[in-house]
Amino acid sequence: MKTFRNTPLTDDNTDYFALSLIERGLADTRSLKIAEGLRANDWDKVASAICNCDCSNFKRLYQIEPRLMYIAIEKGQAKVIQDRINEIEENIV
């Protein structure tokens with residue numbers, strides 16, 4: 001049976017989406033904040049959690065959940081997310 005990574009901040013009641021983000025490499029602190037914003041349907045909170053990602057976590061989130069980022073740009077009025085995505089894409093080319 002496959003085992004999953006536990007963190008000091010998660011337990012059996014942790015939001016599934018947060019656990020999914022953690023399993024795919026995003027920091028548990030950011031994953032939990034993103035999931036908290038989603039549960040509350042608070043896109044400003046989601047956008048804030050995304051903006052507070054350090055460079056490596058921001059890149060990881062862009063790789064695993066780009067749709068979430070674009071929805072946060074639209075619904076959370078977070079143009080800074082788009083600016084950071086543009087920086088990532090410029091470095092890829």
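If you take CE on Met69 and CD1 on Ile50, they are separated by 5.5 Å, rounding to the nearest 0.5 Å. In this structure, the separation between CD1 on Ile73 and OH on Tyr70 is 6.0 Å, given to the nearest 0.5 Å. In this structure, OG in Ser20 is found 7.0 Å from CD1 in Ile64, a value given to the nearest 0.5 Å. For the atom pair Leu68 CG and Phe17 CZ, the distance stands at 5.0 Å (nearest 0.5 Å).
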As a quick check of understanding, evaluate side-chain contact (heavy atoms from CB on, under 4.5 Å) for Thr14 and Asp28, giving each step before the final call. CA-CA 11 Å; Thr14 303; Asp28 52 358; over 6 Å; no
Show your working on side-chain contact (heavy atoms from CB on, under 4.5 Å) between Ile85 and Ile81 and close with a plain yes or no. CA-CA 6 Å; Ile85 289 172; Ile81 296 172; 4.0 Å; yes
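Applying the salt bridge (charged side-chain N to carboxylate O under 4.0 Å, His left out) definition to pairs two or more places apart or across chains, those involving residues 56-78 are Arg24-Glu65. Residue pairs satisfying the salt bridge (charged side-chain N to carboxylate O under 4.0 Å, His left out) criterion with at least one member in residues 13-22, sequence neighbours excluded, are listed as follows: Asp15-Arg39.
Scored by the salt bridge (charged side-chain N to carboxylate O under 4.0 Å, His left out) test, Glu36 finds Lys45 as partners (sequence neighbours excluded). Under the side chain to side chain donor-acceptor pair (under 3.5 Å) criterion, Gln82 pairs with Asn86, not counting sequence neighbours. Applying the side-chain contact (heavy atoms from CB on, under 4.5 Å) rule to Ala49 yields the partners Arg30, Lys33, Ile34; only residues at least two apart in sequence or on another chain are considered. In this structure, Thr29 has no side chain to side chain donor-acceptor pair (under 3.5 Å) partners at least two apart in sequence or on a different chain. Legend: residues meeting salt bridge (charged side-chain N to carboxylate O under 4.0 Å, His left out) with Asp44, ordered by chain and number and at least two apart, are absent. Qualifying salt bridge (charged side-chain N to carboxylate O under 4.0 Å, His left out) partners for Asp54, counting only residues two or more places apart in sequence or in other chains: none.
A donor-acceptor pair is defined here as one N or O able to donate and one able to accept, closer than 3.5 Å; no such pair exists between the side chain of Arg84 and the backbone of Phe58. At least one donor-acceptor pair closer than 3.5 Å links the side chain of Asn91 to the backbone N or O of Glu87.
The side-chain heavy atoms of Asn57 and Asn52, taken from C-beta on, include no pair separated by under 4.5 Å.
The nearest pair of heavy atoms linking Ala47 to Ala78 is CB-CB, 3.6 Å.
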